[in-house]
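All heavy atoms count here, side chains included; hydrogens, waters and symmetry mates do not. Each chain gets a letter, A, B and so on, in the order the sequences are listed, and its residues count up from 1.
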Number of protein chains: 4
Amino acid sequence: MPEPQAASPRTPDATRRSERSRRAIYDAALALVTEVGYARTTVEGIASRAGVGKQTIYRWWPSKSAVLLDAYLDLAGQAAGDAQGGPGGQDGPEAPGLPDTGDLAADLRAVLRATVDELNDPRFEAPTRALTAEGVVDPELGARFVKRLLEPQLQLYVDRLTAAREAGQVRDGVDPRVALELLVGPLTHRWLLRTRPLTHAYADELVEYALHGIAPRQA
Amino acid sequence: MPEPQAASPRTPDATRRSERSRRAIYDAALALVTEVGYARTTVEGIASRAGVGKQTIYRWWPSKSAVLLDAYLDLAGQAAGDAQGGPGGQDGPEAPGLPDTGDLAADLRAVLRATVDELNDPRFEAPTRALTAEGVVDPELGARFVKRLLEPQLQLYVDRLTAAREAGQVRDGVDPRVALELLVGPLTHRWLLRTRPLTHAYADELVEYALHGIAPRQA
Amino acid sequence: MPEPQAASPRTPDATRRSERSRRAIYDAALALVTEVGYARTTVEGIASRAGVGKQTIYRWWPSKSAVLLDAYLDLAGQAAGDAQGGPGGQDGPEAPGLPDTGDLAADLRAVLRATVDELNDPRFEAPTRALTAEGVVDPELGARFVKRLLEPQLQLYVDRLTAAREAGQVRDGVDPRVALELLVGPLTHRWLLRTRPLTHAYADELVEYALHGIAPRQA
Amino acid sequence: MPEPQAASPRTPDATRRSERSRRAIYDAALALVTEVGYARTTVEGIASRAGVGKQTIYRWWPSKSAVLLDAYLDLAGQAAGDAQGGPGGQDGPEAPGLPDTGDLAADLRAVLRATVDELNDPRFEAPTRALTAEGVVDPELGARFVKRLLEPQLQLYVDRLTAAREAGQVRDGVDPRVALELLVGPLTHRWLLRTRPLTHAYADELVEYALHGIAPRQA
DNA sequence: TCATAAGCGAGACGGTACGTCCCGTCTTTAT
DNA sequence: ATAAAGACGGGACGTACCGTCTCGCTTATGA
């Protein structure tokens, strides 16, 4: 009689997991990264601050960065829920999608400005930087970071830009993937390297140039 | 006549510095970062591989990242010297500048393709990623990295784009700083986050979109 | 009911202590002191030889000398147990006491000769010298050394000499403490300063002179 | 033409030696040993405090303990000179010898009391302990310490006791060497191990017991 | 008399060990 | 069985000194 599932040695039983501990670990991890920075955040520190045994962390995550990634996803999930559930009401858990008012430029400006605000939010800054930096150097973490966090967001741009192309607002043959990077790439560049301040005006400027770049050619 | 600078307590005498050791430290640091990655590169490891006492590292640099930054600058300096002194002949030590054949698009394609090649060069990949990531998280290191390495390169774009604007190839009122980010930002984004492969075709595409985006509007 | 003691910050839990590690540390410490001398015995060396992390040493002892003291007490305890449990059989854990055959001179000669043999035993020489020297210079260690090791031994002399005084073999008014030092002091002097070899003959001579010195005066 | 003397490689020229530096080194060494103890006295510390290069120390001494030994001999020499040149007048540099008033007990009491005073003198305490301890553990240093400092002093006892024996105050067949240790051994024992305070009364007691121990037996 | 070579101060160097902080694993006790 | 607690073997940290090795700078001859 085989066991229900392959279950490698030492696979913990997720149904018995303490929700209380998980929450405390997320909170401690995010707080420490914000307060002392990623490098000086330690697993022991997280455990101690969360009032949790070290093993409880190692049982569920393989590394400090993995803890932080989950903590960050949790935070981002909450933030998304808040944004969604705010003025609009109960829309359920499905992805929100970019606004589509028909005015592509206006829609993109709104989204890019929101991104600027989020990147400037001190609550997000430290963990986002920490995870991005870690992903730059650790391909595996980077892949997870991109897949679970970045890619879903970028897909929204792809959808909106594809719709715009079908509406004739974007030239045929333009890869939406590249188009989106024309907007997001410069923003990320400024933010990561701190070469210039990130402002709404900058977001507007990017939208203008990028849209001209991918607009249909006349004649 | 006053002394050049105040000299804080315990400032070592740079004139007595061992050039031999410095070189060995640079080589060891770059080799280790490439071989085992930044996180598993240790000061002890660098010292041991360089055949140097740990104190000789701590005497001249405050941290692992500072060592690597100098090692990298040294490497970049060599590489620049090589590129300069190669086919073109003796041009002296002044900065090279971007090519200006009059064909803005062609010039930018050439430069962006060269950047793609460099980012794909395994000799540069690991240290560049390591320093960028460290700079993302450590503002001070980031500032030095940007100032001493990135900024000079970006200035070349500014110069070339300004010249192009005066030649009427770029619309009046376009900030060259922003224009340049339209090119470099997406490239960096792909490379750092590994979302898509970096190719010459991508570089060409970026040049095309960006130039259209900042081209003069026809009345 | 109050707790036994206040428990300073960072007091490890002794009940969880690894007996295996403690033994290995004792053995390594004694071996190293004997082989390479006290000065060149290092905490790192002990840890490495014992197959133990350094922290396991620093968790339980504040210094190299403290480790050695405990190792030595352990050794002395074993040796005492062996001596006791050897020919005589099961006498239990109580202190042995000096022999009392009625012949004071013979008893003291026996004990002093045994002391000479122990001081000449290469297994004891190095650690005894090391601890004595350290105690000479570090009053706190010296106090512990004296209290836990020397004092109990000296007390045996006090007891025997007091008994002898009551039997009329020692003059009234003689402080047994001083009397004992007349025997032990010269022995220690020779051994510590290596001025002359330590022999049984020397022990006998000391007993003779000292006993005459403290004998009852006739009339 | 052969060189004047075999002169191993790097034998410094003693005639050119800086007296100023030697004095400064002695002073610094003694001061540091007194202030921070032997273990925390370092060659670098001595050099720095003496305003001297490290090499100047290593040129003339092989080790910290050797420096301290010379510093101590210098100090002892001064002290001896002071004691000599004081009330008594100009006796020249030859060794003083123990007093010989004919009253052996009185003479020994005087000398032992002086020894007690010296051992209690804070100026001597730290360096004497340091050198003794070092000699206990390092046979070579110990031998030099004994030979150059202790032995000459003990010889004075030998001389005085030999004279006493010839005067019939000490029993024939008593080894003066052993007799002296009966006096000095207990004193040293108390001082080194700090078992009891060192007082004049104790010195007197020792003299009494020891002299009885070695006195001629009445028929 | 003056170059020249020594001792000297200073301190950089290749090392070793320090005592501390964490890592990730393992074990114990309590819920 | 999970969790809090924390001891364990191990590795790296950044510091303090070790003893050796140049550096310039007196200083004191001896050719």
Side-chain angles (χ1 to χ4, degrees), chain A residues 10 12-18 20-21 40-48 50-64, chain B residues 10-18 20-21 24 40-48 50-60 62-64, chain C residues 10-18 20-21 24 40-48 50-60 62-64, chain D residues 10 12-18 20-22 24 40-48 50-64:
Chain A
R10 263 324 77 103
D13 178 350
T15 66
R16 292 197 158 214
R17 184 165 183 185
S18 160
R20 183 173 170 46
S21 295
R40 281 156 57 203
T41 295
T42 66
V43 172
E44 268 181 0
I46 295 171
S48 154
V52 140
K54 273 204 291 181
Q55 197 56 40
T56 299
I57 294 183
Y58 283 111
R59 184 155 27 234
W60 303 108
W61 293 276
S63 66
K64 169 173 78 163
Chain B
R10 257 325 78 97
T11 298
D13 179 348
T15 67
R16 297 231 167 150
R17 185 165 184 182
S18 161
R20 186 174 173 32
S21 296
R40 280 156 58 203
T41 295
T42 65
V43 173
E44 262 179 9
I46 296 171
S48 153
V52 140
K54 269 204 289 183
Q55 198 57 47
T56 299
I57 295 185
Y58 284 111
R59 186 157 25 235
W60 302 109
S63 65
K64 171 173 76 162
Chain C
R10 253 335 68 102
T11 298
D13 178 350
T15 67
R16 295 227 167 152
R17 186 163 183 185
S18 161
R20 184 173 175 34
S21 296
R40 280 157 57 203
T41 295
T42 65
V43 174
E44 261 178 9
I46 296 171
S48 150
V52 140
K54 269 204 291 183
Q55 198 57 45
T56 299
I57 296 184
Y58 284 111
R59 182 153 33 230
W60 302 109
S63 66
K64 171 172 76 162
Chain D
R10 266 318 83 102
D13 178 350
T15 67
R16 292 195 159 213
R17 184 166 183 183
S18 160
R20 183 174 172 42
S21 295
R22 200 181 58 188
R40 280 157 57 204
T41 296
T42 65
V43 174
E44 269 183 3
I46 296 171
S48 153
V52 141
K54 272 204 291 182
Q55 196 56 39
T56 299
I57 294 183
Y58 283 111
R59 182 151 34 228
W60 301 108
W61 294 276
S63 67
K64 169 173 78 163

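- For B:Lys64, there are no side chain to side chain donor-acceptor pair (under 3.5 Å) partners, not counting sequence neighbours.
- C:Ser48 meets the side chain to side chain contact (heavy atoms under 4.5 Å, CB included) test with no other residue; sequence neighbours excluded.
- For A:Ser63, the side chain to side chain contact (heavy atoms under 4.5 Å, CB included) criterion is met by A:Ser65, A:Ala66, not counting sequence neighbours.
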Go along nucleotides 2-15 of chain F 5' to 3' and tag each nucleotide: B for a protein heavy atom under 4.0 Å from its base, S when only backbone or sugar atoms are that close, - otherwise.
SBBB-BBBB-BBBB
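- Listed by chain and residue number, D:Arg20, D:Ser21 satisfy the side chain to side chain contact (heavy atoms under 4.5 Å, CB included) test with D:Ser18 (two or more places apart in sequence, or in another chain).
- D:Ile57 has its CD1 atom 15 Å from the C1' atom of F:dT20, to the nearest Å.
- Shown here are the side chain to side chain contact (heavy atoms under 4.5 Å, CB included) partners of A:Ala50, two or more places apart in sequence or in another chain: A:Ala24, A:Ile25, A:Ala28, A:Val52.
- Spacing between atom CH2 of A:Trp61 and atom C1' of E:dC23 amounts to 18 Å, rounded to whole angstrom units.
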